[in-house]
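Mind looking over this structure? Questions follow.
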Amino acid sequence: MTHAQSEKIQEFITELSGFAKTAEDTLTKIESDLEGNKSLFSVFSERMFAIRGTAQQLALPHIAKIAGLGEEISIKGTTAESRPQIRKCVGSLWDALSTVKYLLEHHDEETGEEQEILTHRLEDTLRRLGGARQTA
């Protein structure tokens with residue numbers, strides 16, 4: 001990894017800490033009124049979209065994949081029809097957020113097994129919610 005790449009990743013980590021606070025506050029608000037605040041999932045979706053794009057630019061495909069799954073699950077959360085579905089979305093998004101933060105902070109370490117387990121769980125949640133949106 002070049003020094004420039006390392007600097008960009010450090011900038012991304014700094015940027016993510018601001019996002020993480022917003023995301024954590026958003027998930028806490030959703031948890032306080034699952035049905036009344038489920039529209040707030042759109043805030044989370046926008047943040048995950050931004051993280052996915054930045055991760056792709058920095059050649060961090062594993063982070064981009066988890067952020068993409070988080071984006072899809074949060075979009076499903078806005079239209080979830082039951083409290084258990086909304087609760088499942090919230091739990092999955094907490095996992096996605098904490099994993100993205102961890103992977104960024106430890107981007108130079110091997111974390112394959114943990115991220116594989118989480119990726120499978122997120123994919124399973126998304127499948128149970130009807131799957132990802134169709135792409136062109």
Side-chain angles (χ1 to χ4, degrees):
M1 178 178 306
T2 68
H3 180 69
Q5 283 176 307
S6 186
E7 275 186 14
K8 291 258 188 233
I9 290 172
Q10 287 306 314
E11 288 172 19
F12 188 26
I13 291 169
T14 301
E15 186 182 312
L16 182 65
S17 64
F19 157 72
K21 180 70 178 128
T22 301
E24 289 165 1
D25 291 347
T26 300
L27 290 175
T28 300
K29 280 183 191 166
I30 294 169
E31 285 177 323
S32 72
D33 181 2
L34 291 173
E35 289 158 334
N37 289 334
K38 70 180 184 178
S39 65
L40 294 175
F41 278 120
S42 62
V43 172
F44 201 94
S45 168
E46 292 166 10
R47 300 293 187 200
M48 284 293 183
F49 177 78
I51 287 174
R52 185 170 52 90
T54 303
Q56 287 171 332
Q57 291 172 357
L58 295 174
L60 300 168
H62 51 295
I63 293 172
K65 180 173 178 87
I66 291 170
L69 289 166
E71 177 187 353
E72 292 295 329
I73 290 169
S74 56
I75 288 168
K76 293 292 186 183
T78 62
T79 59
E81 296 181 7
S82 70
R83 291 176 63 82
Q85 282 181 329
I86 298 168
R87 199 174 298 110
K88 182 68 174 167
C89 290
V90 169
S92 294
L93 295 175
W94 277 117
D95 288 347
L97 177 62
S98 59
T99 302
V100 165
K101 284 170 46 177
Y102 179 85
L103 290 175
L104 268 176
E105 291 165 4
H106 301 90
H107 61 87
D108 52 352
E109 297 173 21
E110 181 58 47
T111 56
E113 192 174 318
E114 297 95 332
Q115 74 190 41
E116 230 178 89
I117 290 167
L118 176 74
T119 299
H120 289 301
R121 280 201 341 240
L122 293 175
E123 288 170 340
D124 184 55
T125 296
L126 187 56
R127 191 176 60 255
R128 289 177 190 212
L129 293 169
R133 296 169 290 168
Q134 295 295 323
T135 54

Notebook entry, point to check: Is there a salt bridge (Lys or Arg N to Asp or Glu O under 4.0 Å) between Glu72 and Arg52 once you walk through the steps?
Noted result: CA-CA 11 Å; Glu72 292 295 329; Arg52 185 170 52 90; over 6 Å; no
Next item on the list: Find the distance between NZ (Lys101) and CZ (Phe19) and round it off to the nearest 0.5 Å.
Entry: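 Interatomic distance, Lys101 NZ to Phe19 CZ, rounded to 0.5 Å: 9.5 Å.
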Next item on the list: Taking the side chain as every heavy atom from C-beta outward, state whether Glu123 and Lys65 have any pair of such atoms under 4.5 Å apart.
Entry: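 Glu123 reaches Lys65 side chain to side chain.
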Next item on the list: Among Arg121, His120, Gln115, find the one that has a side chain to side chain contact (heavy atoms under 4.5 Å, CB included) with Ile117.
Entry: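 With Ile117 as partner, Arg121, His120, Gln115 yield a single side chain to side chain contact (heavy atoms under 4.5 Å, CB included), made by Arg121.
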Notebook entry, point to check: Considering all heavy atoms of both residues, which atom of Ser42 and which atom of Thr78 are nearest to each other, and what is their separation?
Noted result: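 Residues Ser42 and Thr78, closest heavy atoms: N-CG2, 3.7 Å.
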Margin query: Contact between Leu60 and Ile9 at the side-chain level, heavy atoms closer than 4.5 Å - yes or no?
Written below: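 When only atoms from C-beta onward are counted, Ile9 and Leu60 do touch, with a gap below 4.5 Å.
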Notebook entry, point to check: Can you tell me how far NE2 of His3 sits from NZ of Lys8, rounded to the nearest 0.5 angstrom?
Noted result: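 So the gap between those two atoms works out to 11.5 Å.
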Item checked: Passing candidate, side chain to side chain contact (heavy atoms under 4.5 Å, CB included) with Ile30, options Thr26, Thr28, Asp33 ->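 Result for side chain to side chain contact (heavy atoms under 4.5 Å, CB included) with Ile30: Thr26.
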Check: Taking atom CG of Leu118 and atom NE2 of His62, what is their separation to the nearest 0.5 Å?
Finding: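 Reported value, rounded in 0.5 Å steps: 12.0 Å.
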Notebook entry, point to check: Taking a hydrophobic cluster as the set of Ile, Leu, Val, Met, Phe, Trp and Tyr residues connected by side-chain heavy atoms closer than 4.5 Å, whether directly or through intermediates, do Phe44 and Phe49 fall within one such cluster?
Noted result: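 No: no chain of side-chain contacts under 4.5 Å links Phe44 to Phe49.
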Notebook entry, point to check: Do Leu34 and Phe41 belong to the same hydrophobic cluster, where Ile, Leu, Val, Met, Phe, Trp and Tyr are linked whenever their side-chain heavy atoms lie under 4.5 Å apart, directly or via other members?
Noted result: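 Linked, Leu34 and Phe41 end up in one cluster.
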Notebook entry, point to check: Could you give the distance from CG (Leu126) to NZ (Lys76), rounded to the nearest 0.5 Å?
Noted result: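 So the gap between those two atoms works out to 6.5 Å.
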Item checked: For Gln56 against Ala64, the heavy-atom pair lying closest together ->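 Smallest interatomic distance, heavy atoms only, reads CG-CB, 3.7 Å.
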Item checked: Straight-line distance of Thr54 OG1 to Leu16 CG, nearest 0.5 Å ->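 Rounded to the nearest 0.5 Å, the OG1-CG separation comes out at 9.5 Å.
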Margin query: Is there a side-chain contact between Gln85 and Lys38 in this structure, where contact means two heavy atoms from C-beta onward sitting under 4.5 Å apart?
Written below: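 Of all side-chain heavy-atom pairs linking Lys38 with Gln85, none is under 4.5 Å.
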Next item on the list: Identify whether Ile75 and Ile66 are in the same connected component of the hydrophobic contact network (ILVMFWY, side-chain heavy atoms under 4.5 Å).
Entry: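 No, no single cluster joins them.
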Check: Do Leu93 and Leu97 have side-chain heavy atoms sitting under 4.5 Å apart?
Finding: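 Leu93 does not reach Leu97 side chain to side chain.
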Margin query: Do Glu31 and Trp94 have side chains that approach each other closer than 4.5 Å (heavy atoms only, starting at C-beta)?
Written below: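 Yes, close enough: below the 4.5 Å cut-off.
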Check: So, for Met48 and Ala96, which heavy atoms are closest and what is the spacing to 0.1 Å?
Finding: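 Smallest heavy-atom distance, with atoms named: CE-CB, 4.1 Å.
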Note to self: Please find the pair of heavy atoms, one from Asn37 and one from Ser32, that lie closest to each other, and give the distance.
What the structure shows: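 Looking at all heavy atoms of both residues, the closest pair is ND2-OG, 3.7 Å.
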Next item on the list: Considering non-hydrogen atoms only, spot the tightest contact between Ile51 and Phe12 and give its length.
Entry: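 Shortest heavy-atom separation between Ile51 and Phe12 comes out as O-CZ, 3.7 Å.
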Notebook entry, point to check: Using 4.0 Å as the upper bound for N to carboxylate O, is an ion pair formed by Arg128 and Asp124?
Noted result: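 A salt bridge is present here (some side-chain N lies under 4.0 Å from a carboxylate O).
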Next item on the list: Could you grab the distance from atom NZ of Lys88 to atom CG of Leu129, nearest 0.5 Å is fine?
Entry: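 Interatomic distance, Lys88 NZ to Leu129 CG, rounded to 0.5 Å: 9.0 Å.
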